[in-house]
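Being a predicted model, the structure only gives us computed values, none of them experimental.
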Amino acid sequence: MSVRKLKPITPGQRFRVVNGFDAITTDKPEKSLLAPIKRTGGRNSQGRMTTRYKGGGHKRRYRIIDFKRDKHGIPATVATIEYDPNRTAFIALLNYQDGEKRYIIAQNGLEVGQNVVSGAEATPEIGNTLPLSVIPLGTIISCIELHPGQGAVIARSAGSFAQLMARDGKFATVKLPSGEVRMILVTCSATIGAVSNSDHQLLVGGKAGRTRWLGRRPRTRPVAMNPVDHPMGGGEGRSSGGHPRSRNGVPAKGYRTRSKTKASSKYIVERRKK
């Protein structure tokens, strides 16, 4: 994977850095795995704006992703590596031996023609999904479940990965992408390897219009608002602001909002770094 820096033939391309798409093998998605997406524009059922800074954007179709990987013991061949407009990671189309087709999150190094399989009997190779109970310690993993059979919820975005640190009884200790060390049931599944498209963090939009294509409208700075609109609004000239906080007055930048009585706190061995 690589990125390309465009020649500055227009002002919008002067700082533009685009994805090289070296890993992409086709630009036509599998029709049977597409679903429509209804855009809300930040409006609720009454048509009132309830979420700011949303609207517009290019029309998309959702790719139905198999996060559960529950076809155990049935080998599948990677048919294509594709771009997905709904996520930062690339996706892979699997052709199972029984004829079924499914999309999965593509791991870094997954190639067309490669065979992948899920289940406890699978080997710990890139793209295979196994329970945490049989994955070797120290392995780089992604697409991790938090509850058995729930489907992958952790480490799904481009370039993210976790590491299996230890096992003790019915729990495995996993170091998450945020730096948090957490206990997860060994019956939960995870996929071997880091998520693809690790160069996503290097991309530069180059112009405001590209953000509009993604469905994000311009964001107003709170210090530019009036006191009636935001706690950080008002003031004479540029003497405004104060402590950074949300529209509801909740402090930002370091203020912890996690409940001290949250049930899952006992599974966190080490909190994420500030």
Side-chain angles (χ1 to χ4, degrees), residues 3 5-6 8-19 35-62 83-89 146 153-160 176-180 182 195 197-265 268 271-274:
V3 294
K5 195 173 188 318
L6 301 185
I9 58 175
T10 64
Q13 287 190 359
R14 178 167 297 279
F15 303 106
R16 182 93 168 88
V17 179
V18 299
N19 202 317
I37 295 181
K38 181 175 172 57
R39 302 178 79 89
T40 63
R43 273 75 174 169
N44 64 5
S45 58
Q46 295 178 311
R48 292 183 178 151
M49 184 185 292
T50 54
T51 306
R52 296 175 293 170
Y53 318 131
K54 279 190 176 184
H58 200 286
K59 193 172 183 180
R60 302 171 179 173
R61 284 181 295 176
Y62 183 72
Y83 168 77
D84 187 351
N86 306 298
R87 63 192 72 251
T88 55
L146 262 186
V153 292
I154 296 177
R156 301 192 330 193
S157 61
S160 62
L176 302 181
S178 63
E180 178 179 296
R182 182 192 174 93
V195 181
N197 196 18
S198 56
D199 288 335
H200 175 76
Q201 60 181 348
L202 304 176
L203 303 186
V204 179
K207 62 179 183 179
R210 180 165 176 79
T211 305
R212 299 301 299 265
W213 299 342
L214 298 176
R216 295 198 287 268
R217 297 182 65 229
R219 186 175 182 276
T220 307
R221 292 175 300 120
V223 294
M225 297 180 185
N226 292 319
V228 69
D229 300 315
H230 201 280
M232 290 163 61
E236 292 291 329
R238 293 189 175 222
S239 61
S240 60
H243 295 293
R245 56 185 68 243
S246 75
R247 205 175 196 179
N248 297 324
V250 180
K253 298 192 175 180
Y255 181 73
R256 292 189 172 181
T257 57
R258 184 182 173 90
S259 171
K260 293 178 181 177
T261 58
K262 199 172 176 78
S264 61
S265 293
I268 298 176
R271 288 293 302 268
R272 62 186 175 89
K273 307 294 186 293
K274 274 192 179 182

*Below 4.5 Å, heavy atoms only, C-beta onward: do K54 and R217 meet side chain to side chain?*
no
*Closest heavy-atom contact between A158 and H200?*
CB-CB, 3.8 Å
_Taking side chain to side chain donor-acceptor pair (under 3.5 Å) as the definition, give me every residue that meets it alongside S45, ordered by chain and number, with sequence neighbours left out._
none
_Using a 6.0 Å cut-off, check whether atom CZ of R221 has over 12 heavy atoms from anything other than its own residue._
no
*If you look at every heavy atom in A155 and P177, which pair is closest and at what distance?*
CB-CG, 4.0 Å
*Taking only residues two or more places apart in sequence, or in another chain, which ones meet S178 in a side chain to side chain contact (heavy atoms under 4.5 Å, CB included)?*
L176, E180, R272
_Any donor-acceptor N/O pair, N197 side chain to T88 backbone, under 3.5 Å_ = yes
*Sequence neighbours left out, what passes side chain to side chain contact (heavy atoms under 4.5 Å, CB included) with Q201? Give chain and number order.*
none
*Atom CZ of R48: over 12 foreign heavy atoms under 6.0 Å*: no
*Closest approach of S264 and R182, non-hydrogen atoms and distance?*
CB-NH2, 3.8 Å
*Can you tell me if N86 uses its side chain to pair, donor with acceptor, with the backbone of R61 under 3.5 Å?*
yes
_Taking side chain to side chain contact (heavy atoms under 4.5 Å, CB included) as the definition, give me every residue that meets it alongside T261, ordered by chain and number, with sequence neighbours left out._
S259
*If every non-hydrogen atom of F15 is compared with every non-hydrogen atom of V204, which pair is closest and at what distance?*
O-CG1, 3.3 Å
*Is R43 atom CZ crowded by more than 12 heavy atoms from other residues, nucleotides or ligands, each under 6.0 Å away?*
yes
*Considering all heavy atoms, the nearest R212-P218 contact*: NH1-CD, 3.6 Å
*Kindly write out the residues that satisfy salt bridge (charged side-chain N to carboxylate O under 4.0 Å, His left out) with R16, not counting sequence neighbours, or none if the list is empty.*
none
*Test side chain to side chain contact (heavy atoms under 4.5 Å, CB included) on I268 and R258 and set out the steps.*
CA-CA 13 Å; I268 298 176; R258 184 182 173 90; 3.5 Å; yes
*Counting distance only, does the side-chain N/O of N248 pair as donor-acceptor with the main-chain N or O of V250 below 3.5 Å?*
no
*Output yes when a side-chain donor or acceptor of R39 lies under 3.5 Å from a complementary backbone atom of H58, and no otherwise.*
yes
*Least distance between heavy atoms, V3 atom then L202 atom*: CG1-CB, 4.3 Å
_Under the side chain to side chain contact (heavy atoms under 4.5 Å, CB included) test, residues paired with M225 that sit two or more places apart_ = R52, Y53, T220, D229, H230
